[in-house]
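The next block holds one structure in the form of structure tokens; read it before the comments.
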Amino acid sequence: MALTDRQIVNLKPTDKPRKVSDGGGLHLFVSPSGGKLWRLAYRYGGKQKLLSFGSYPAVGLADARAKREEAKRQLASDLDPRDCQRLEKQTKADSNANTFEMLAAEFLAKNEREGKSTATLSKSPI
């Protein structure tokens, strides 16, 4: 049976962790401390795997279901959803990373604003 938002809100922690199923491998993991985490159980390459989508208030029911469907599409394309998630996370981190060139250009722009000498400003940022 599919979960509703009211059922999720009313879930109380117990002395043992438990899983409340939503269907299609998606379940809400309720920890004894009260945390509610979205997880997807799936098989890839003959092995059982688990993919996390985030905590309940931050990731709503509709978002979790959309992420489940995206993971199912990746599995149908013979891609491991966990590897795709890691690659996306790494790509995002790389795009936000400070490169030496960016830091050097920022440093020279700061020097120019502060009125440093022209010899300092003419230096290449690389």
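Computed from a prediction, not measured in an experiment: that's the story for all the values here.
- The two atoms that bring Arg65 and Ala2 nearest to each other are NH2-CB, 3.6 Å, heavy atoms only.
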| query | Are Leu40 and Leu50 close enough, and set up right, to give a side-chain contact (heavy atoms from CB on, under 4.5 Å), and what steps lead you there? | reply | CA-CA 6 Å; Leu40 176 70; Leu50 197 63; over 6 Å; no
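- Scored by the salt bridge (charged side-chain N to carboxylate O under 4.0 Å, His left out) test, Arg39 finds no partners at all (sequence neighbours excluded).
- Listed by chain and number, the residues in a side chain to side chain donor-acceptor pair (under 3.5 Å) with Ser33 are Ser31 (sequence neighbours excluded).
- Residues satisfying the salt bridge (charged side-chain N to carboxylate O under 4.0 Å, His left out) test with Lys110, not counting sequence neighbours, are Glu114.
- With rounding to the nearest 0.5 angstrom, the CD atom of Glu69 is 11.5 Å from the CD atom of Gln74.
- Of the possible polar contacts, none joining the Lys92 side chain to the Leu87 backbone as a donor-acceptor pair under 3.5 Å is found.
- At most 12 non-hydrogen atoms from other residues, nucleotides or ligands lie less than 6.0 angstrom from CD of Glu88.
- Listed by chain and residue number, Arg73 satisfy the salt bridge (charged side-chain N to carboxylate O under 4.0 Å, His left out) test with Glu70 (two or more places apart in sequence, or in another chain).
- Residues Pro81 and Tyr42 come closest through the heavy atom pair CD-CE1, 3.7 Å.
- Among all heavy-atom pairs drawn from Leu79 and Cys84, the shortest one is CB-SG, 4.0 Å.
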| message | For Asp22 and Arg68: C-alpha separation, side-chain torsions, deciding distance, then whether side-chain contact (heavy atoms from CB on, under 4.5 Å) applies. | response | CA-CA 11 Å; Asp22 184 53; Arg68 174 192 62 197; 3.6 Å; yes
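- Residues forming a side chain to side chain contact (heavy atoms under 4.5 Å, CB included) with Leu11 (at least two apart in sequence, or on another chain): Arg18, Val20, Leu28, Val30, Lys36.
- For residues 2-17, no pair satisfies salt bridge (Lys or Arg N to Asp or Glu O under 4.0 Å), with sequence neighbours left out.
- Scored by the side chain to side chain contact (heavy atoms under 4.5 Å, CB included) test, Pro17 finds Phe29, Pro32 as partners (sequence neighbours excluded).
- For the salt bridge (Lys or Arg N to Asp or Glu O under 4.0 Å) condition, the pairs that include at least one residue of residues 43-64, sequence neighbours left out, are Lys49-Asp80.
- A salt bridge (Lys or Arg N to Asp or Glu O under 4.0 Å) check over residues 52-61, counting only residues at least two apart or in different chains, returns nothing.
- Cluster annotation: Val59 and Leu37 are assigned to distinct hydrophobic clusters (Ile/Leu/Val/Met/Phe/Trp/Tyr, side-chain heavy-atom contacts under 4.5 Å, transitive).
- The shortest non-hydrogen separation linking Leu51 to Ala71 is CD2-CB, 4.2 Å.
- Arg82 meets the side chain to side chain donor-acceptor pair (under 3.5 Å) test with no other residue; sequence neighbours excluded.
- No donor-acceptor pair under 3.5 Å is formed between the side chain of Trp38 and the backbone N or O of Ser55.
- Atom CD of Glu106 sits in a sparse spot, with 12 or fewer heavy atoms from other residues, nucleotides or ligands closer than 6.0 Å.
- Contact between His27 and Ser21 at its shortest, heavy atoms only, is CB-CA, 3.9 Å.
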